[in-house]
Amino acid sequence: MSRINEIDQQWVGKLLRTSAERFVLPRFHTVVSSRKPDGSIVTSADIDSQNFLQDMLAARYPDIPLLGEEMPRAEQQSLLENSDALWCLDPLDGTSNFAAGVPVFGVSLALLEKGHSVMGWIYDPVRAELFSAVQGKGAKIDGAMLHTREAPTLKHCVGVVDYKRLDRNLALRIIDERPFHSQRNFGSSVLEWCWLAAGRYHFYLHGAQQLWDRAAGALILQEAGGQISQFNGQALQEKDLKPRSVLATLDPNLHQTWRNWLEHVSDLPPEFPNAAH
């Protein structure tokens, strides 16, 4: 039986706001960062935000464990394999932006049931925007429903392309052919999902995205009416910790146009194992 009806959606949204106000925004421009073994940046804001959210969620929902980005990988995998329901948390996505003083970062939380997202919240502390979604009930920004929007033809579209994590051959083909009008990359995956769901651009390409980067955001886009797959056309899986490629659009017709273009790039493998993450 789903746990959706047991979760107080407003309380969770306020919890994310509180965490950002206590542990994230006060340290913006002043925080000291360090590097994890994989080379990515971590700050005290990441750790303190995760600890606070984990403690508060455990106090209210003690039988739902939490999978956090800052946990050891073995512990993350064990939670995925042995929990019917669990929280999936990114306490501060866009840490490099945050540490450098770039105002693009967010807090993301999803409720997973049997490895699939059924509820999601993403909070943008700088713009004070809260995005949320419930499976089968739509997606919202600050309580207002999000909807699909018709996109222009691909050559007139603006989108987000994370070149850093694309396979090199694909990146070069995109740069060389540039089938769209223009691209951006904001450095916070969770906000990039939300801004696409809000219709602020037309498509999203990412070569190797982690579970906590996509768990809430993909649900928000899907519930807004968007279309999502991996580059090879397969569904975006959430049942393991393997990084996944992302092809996402708010207009489902544009998604098929991108699929046709990717099939045209026929010299690429179906997935791109050499993509960095």
Side-chain angles (χ1 to χ4, degrees), residues 16 33-43 45-47 49-50 53-54 65-81 83 86-99 104-112 115-124 131 133 160-167 170 185-197 204-222 228-232 234-248 271-277:
L16 265 62
S33 64
S34 59
R35 292 195 178 272
K36 294 186 282 188
D38 65 0
S40 59
I41 291 176
V42 65
T43 72
D46 296 75
I47 302 300
S49 177
Q50 176 165 300
L53 290 167
Q54 184 169 14
L66 182 142
L67 185 158
E69 180 184 5
E70 306 308 329
M71 285 180 173
R73 189 174 183 85
E75 185 177 354
Q76 294 171 339
Q77 189 63 50
S78 176
L79 286 169
L80 272 179
E81 292 173 355
S83 304
L86 76 158
W87 303 107
C88 182
L89 172 68
D90 192 337
L92 179 57
D93 180 69
T95 305
S96 295
N97 284 346
F98 179 75
V104 182
F105 45 86
V107 183
S108 174
L109 180 71
L111 178 67
L112 274 58
H116 297 284
S117 297
V118 295
M119 303 181 79
W121 300 259
I122 293 175
Y123 183 59
D124 177 351
F131 296 82
V160 168
V161 181
D162 190 322
Y163 282 108
K164 175 183 175 182
R165 294 173 179 83
L166 290 184
D167 171 83
L170 177 59
N185 178 220
F186 298 105
S188 172
S189 297
V190 303
L191 294 189
E192 288 166 345
W193 281 108
C194 292
W195 293 353
L196 177 59
Y204 185 28
L205 300 179
H206 195 293
Q209 198 166 90
Q210 301 286 358
L211 173 62
W212 43 85
D213 294 324
R214 64 183 187 262
L219 179 66
I220 289 168
L221 178 62
Q222 185 175 28
I228 306 164
S229 74
Q230 299 180 62
F231 289 164
N232 61 8
Q234 295 181 2
L236 187 63
Q237 299 294 321
E238 298 167 342
K239 293 183 178 181
D240 59 41
L241 295 173
K242 179 182 177 182
R244 305 285 182 177
S245 63
V246 171
L247 165 60
E271 274 298 299
F272 315 117
N274 59 327
H277 73 85

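Note that the coordinates shown come from a computational prediction; the quantities given were computed from them, not determined experimentally. Any value given below was found using the heavy atoms of this structure, including those in side chains, with hydrogens, waters and symmetry copies removed.
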Does any part of the side chain of [Y], heavy atoms only, come nearer than 4.5 Å to the side chain of [X], both counted from C-beta?
{"X": "Leu170", "Y": "Phe231", "value": "yes"}
{"X": "Arg244", "Y": "Arg214", "value": "yes"}
{"X": "Asp124", "Y": "Trp195", "value": "yes"}
{"X": "Leu205", "Y": "Asp162", "value": "no"}
{"X": "Val107", "Y": "Asp90", "value": "no"}
{"X": "Val161", "Y": "Asn185", "value": "no"}
{"X": "Ile228", "Y": "Leu247", "value": "no"}
{"X": "Leu89", "Y": "Leu67", "value": "no"}

side-chain contact (heavy atoms from CB on, under 4.5 Å) assessment of Leu191 paired with Phe105: CA-CA 7 Å; Leu191 294 189; Phe105 45 86; 5.6 Å; no
Enter the distance from [X]:[atom1] to [Y]:[atom2] here, rounded to the nearest 0.5 Å.
{"X": "Arg165", "Y": "Asp213", "atom1": "CZ", "atom2": "CG", "value": "7.5 Å"}
{"X": "Glu81", "Y": "Leu241", "atom1": "CD", "atom2": "CG", "value": "8.5 Å"}
{"X": "Leu111", "Y": "Leu219", "atom1": "CG", "atom2": "CG", "value": "10.0 Å"}
{"X": "Ser108", "Y": "Trp121", "atom1": "OG", "atom2": "CH2", "value": "10.5 Å"}
{"X": "Asp240", "Y": "Leu211", "atom1": "CG", "atom2": "CG", "value": "8.5 Å"}
{"X": "Gln76", "Y": "Glu69", "atom1": "CD", "atom2": "CD", "value": "8.0 Å"}

Flag, side chain of Gln50 to backbone of Pro91, donor-acceptor distance under 3.5 Å: no
Which heavy atom of [X] sits nearest to which heavy atom of [Y], and what is that distance?
{"X": "Pro65", "Y": "Leu79", "answer": "CB-CD2, 3.7 Å"}
{"X": "Ile122", "Y": "Ala216", "answer": "CG1-CB, 3.9 Å"}
{"X": "Gln209", "Y": "Val246", "answer": "OE1-CG2, 3.9 Å"}
{"X": "Leu196", "Y": "Ala248", "answer": "CD2-O, 3.7 Å"}
{"X": "Ala218", "Y": "Leu236", "answer": "CB-CD2, 4.0 Å"}
{"X": "Thr43", "Y": "Ala99", "answer": "CG2-CB, 4.5 Å"}

Worked check of side-chain contact (heavy atoms from CB on, under 4.5 Å) between Leu112 and Cys88: CA-CA 7 Å; Leu112 274 58; Cys88 182; 3.8 Å; yes
Donor-acceptor pair between Asp93 and Ser189 side chains, under 3.5 angstrom: no
Side-chain donor-acceptor contact under 3.5 Å, Trp193 with Gln222: no
Partner set under side chain to side chain donor-acceptor pair (under 3.5 Å) for Ser83, not counting sequence neighbours: none
With Asn97 via side chain to side chain donor-acceptor pair (under 3.5 Å) - residues at least two apart: none
